[in-house]
K.L.:
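Here it is, the structure, as structure tokens.
Everything numeric in this text was worked out from a predicted model, so none of it was measured. Hydrogens, waters and symmetry mates play no part in the numbers below; they use all other heavy atoms, side chains included. The sequence lines fix the lettering, A, B, ..., with proteins before strands; numbering per chain opens at 1.
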Protein chains: 2
Amino acid sequence: MPTRQTRIQRKNHIAILDAALEVFSLQGFRGATLDEIANVAQISKPNILYYFTSKDAIYTALLTDLLATWLDPLRAIDPEGDPITEIMTYLRCKLDLSRDFPRESRLFANEIIQGAPRLKAVLETELKELVDDKVKIFTIWMNAGKIAQMHPVHLLFSIWSLTQHYADFDAQVQAVSGPSNSPHYADAWGFLELLFTKLLRP
Amino acid sequence: MPTRQTRIQRKNHIAILDAALEVFSLQGFRGATLDEIANVAQISKPNILYYFTSKDAIYTALLTDLLATWLDPLRAIDPEGDPITEIMTYLRCKLDLSRDFPRESRLFANEIIQGAPRLKAVLETELKELVDDKVKIFTIWMNAGKIAQMHPVHLLFSIWSLTQHYADFDAQVQAVSGPSNSPHYADAWGFLELLFTKLLRP
DNA sequence: GTCTATAGACGGATAGAC
DNA sequence: GTCTATCCGTCTATAGAC
């Protein structure tokens with residue numbers, strides 16, 4: 001659109017995306033309904049389709065918004081930095097994302113579990129290139145004896161799975177270790193710090 | 001039912017559950033449709049509802065069947081066994097389950113991500129008791145200096161997340177590290193063996 | 001037991017008044 | 001921009017013939 005949005009337009013736009021995140025992250029694309037999104041957003045269904053051309057458009061908007069935020073911390077790993085510090089910072093950052101943006105994490109998880117129908121292409125190009133780049137850095141660090149020798153790709157997988165677990169499987173975490181959020185994350189950080197300190201030490 | 005099932009009944013029963021597992025594990029409960037299950041099972045939709053009273057009944061049957069298989073390896077951890085061996089065996093068993101039963105893993109993941117509406121009660125009782133029991137064993141092992149000191153619950157979480165990741169996020173794993181299944185799991189085992197050897201060593 | 005046909009509710013999306 | 005009303009397709013589940 002050539003013209004700038006009004007304040008109300010922007011407010012509704014954001015309210016719709018927020019409600020859609022709530023619903024899509026719990027139900028996946030097909031399980032979610034516009035009715036539910038409309039209820040959560042407190043905006044009528046036709047009005048939602050005034051702001052977005054279709055249910056699919058809302059979902060895609062959320063996913064593309066998300067991917068950038070999700071990959072930024074990985075991009076930030078600096079080949080010139082101290083290896084252990086760089087990886088621990090990334091780990092910490094990913095855990096903070098799980099704590100502060102659990103819905104985004106679950107939205108992503110839903111999409112991947114369902115075979116990544118809308119993200120597959122991006123994963124195979126943008127994500128793969130980024131991963132290849134960082135894997136090279138890890139390998140250099142390993143060969144220089146800065147961190148222990150291990151499969152670099154699975155090192156990344158381990159960071160992803162261990163941190164995202166607390167957002168995606170929150171229902172299980174809470175069922176097993178009681179409600180209240182913050183303590184879990186404090187304990188989780190203690191555990192992960194110990195784990196990766198031992199793992200990375202050459 | 002008082003009478004025994006015929007061979008055809010049992011065959012259809014199994015075919016329906018298998019098709020339902022395929023569809024539910026990809027789409028979650030609400031995203032799945034009886035039409036799709038009927039197509040995969042090659043059984044007409046009304047006939048499916050002859051064997052199961054409702055869509056919900058199929059899903060519930062799958063979940064309860066699954067939970068037993070899923071928890072058995074955890075139950076098998078023996079307080080009298082060698083601590084490191086017991087935990088490494090459990091780890092290996094969970095990784096094998098991810099490799100051999102990825103659909104079951106994704107079905108479970110979908111249910112938990114969606115807030116575990118049908119499993120919450122079981123998780124808070126049966127799973128919690130089982131976890132509490134094993135946590136006690138871990139704690140005894142730690143205090144006896146058999147394995148390193150760490151948060152025992154998060155040790156369990158780490159085993160779950162690291163192994164299930166390969167089934168649940170398979171689309172991402174393949175996008176990043178190329179297709180073909182077996183090599184990933186060989187590499188994964190090499191990585192996890194290294195990781196937990198370092199982590200558990202007192 | 002398995003089918004065709006269909007009921008009845010709900011899904012996404014559109015028309016048109018205001 | 002936002003609403004009511006509604007189209008049309010699909011959903012789960014049932015009725016009833018065979």
K.L.:
Would you mind reading off the distance between B/R30 atom CZ and D/dC11 atom P, rounded to a whole angstrom?
P.N.:
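Rounded to whole Å, this separation is 14 Å.
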
K.L.:
Atom CD1 of B/I16 to atom P of D/dA13: distance rounded to whole Å?
P.N.:
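That distance rounds to 13 Å.
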
K.L.:
Can you find a side-chain donor-acceptor pair between A/D65 and A/T69 that sits under 3.5 Å?
P.N.:
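There is no such pair (donor and acceptor under 3.5 Å, judged by atom type) between the side chains of A/D65 and A/T69.
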
K.L.:
Inspect the contact between A/R30 and B/E36 and indicate whether a charged nitrogen and a carboxylate oxygen are less than 4.0 angstrom apart.
P.N.:
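Between A/R30 and B/E36 there is a salt bridge, with a charged N closer than 4.0 Å to a carboxylate O.
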
K.L.:
Backbone N or O of B/R75 within a donor-acceptor pair of the B/K134 side chain at under 3.5 Å?
P.N.:
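Answer holds: yes.
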
K.L.:
Check whether any side-chain nitrogen or oxygen of B/S44 sits under 4.0 Å from OP1 or OP2 of C/dT2, and answer yes or no.
P.N.:
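For B/S44, the contact criterion (side-chain N or O under 4.0 Å from OP1 or OP2 of C/dT2) is not met.
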
K.L.:
Measuring from the side chain of B/I8 (C-beta onward, heavy atoms only), which nucleotide among C/dC3, D/dT2, C/dT2 has the closest atom?
P.N.:
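That would be C/dT2.
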
K.L.:
In whole Å, I'd like the distance from the OH atom of A/Y59 to the P atom of C/dA13.
P.N.:
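Between P of C/dA13 and OH of A/Y59: 15 Å.
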
K.L.:
Report the residue (A/N47 or B/S54) whose heavy-atom-nearest nucleotide on DNA chain D is the more 5′ of the two.
P.N.:
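Result of the comparison: A/N47.
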
K.L.:
Starting the side chain at C-beta, find the nucleotide from C/dT14, D/dT14, D/dT12 nearest to B/P46.
P.N.:
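Among the listed nucleotides, the one closest to the side chain of B/P46 is D/dT14.
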
K.L.:
Within this structure, what is the CD1-to-P distance between A/I48 and C/dT14, rounded to whole angstrom?
P.N.:
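Result: 14 Å.
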
K.L.:
For B/K198, does the NZ atom sit with more than 12 other heavy atoms under 6.0 Å from it, leaving out its own atoms?
P.N.:
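Count over threshold, so yes.
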
K.L.:
Tell me the interatomic distance from B/F24, atom CZ, to D/dC11, atom P, rounded to whole angstroms.
P.N.:
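Going from CZ in B/F24 over to P in D/dC11 covers 13 Å.
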
K.L.:
Rounded to the nearest angstrom, tell me the gap between atom CZ in B/F52 and atom P in D/dT12.
P.N.:
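The distance from CZ of B/F52 to P of D/dT12 comes to 15 Å, rounded to the nearest Å.
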
K.L.:
In terms of relative ring orientation, are B/W160 and B/F157 parallel, tilted or perpendicular, with 30° and 60° separating the classes?
P.N.:
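If you compare the ring of B/W160 with that of B/F157, the planes turn out tilted.
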
K.L.:
Would you kindly give the CG-to-P distance between B/D35 and D/dT12, to the nearest whole Å?
P.N.:
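Going from B/D35 (CG) to D/dT12 (P), I get 7 Å.
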
K.L.:
Assign B/A32 to base, sugar-phosphate, or nothing according to its heavy-atom contacts below 4.0 angstrom with the strands shown.
P.N.:
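The answer is sugar-phosphate, as B/A32 gets under 4.0 Å only of primed atoms, P, OP1 or OP2.
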
K.L.:
With the side chain of A/T33 defined as its heavy atoms from C-beta on, choose the nearest nucleotide among D/dT14, C/dT14, C/dG11.
P.N.:
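Of the options given, the side chain of A/T33 lies nearest C/dG11.
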
K.L.:
Rounded to the nearest angstrom, tell me the gap between atom OH in B/Y50 and atom C1' in C/dC3.
P.N.:
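Going from OH in B/Y50 over to C1' in C/dC3 covers 13 Å.
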
K.L.:
Can you figure out which of C/dT14, D/dA13, D/dT2 approaches the side chain of A/L49 most closely?
P.N.:
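Among C/dT14, D/dA13, D/dT2, the one nearest the side chain of A/L49 is C/dT14.
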
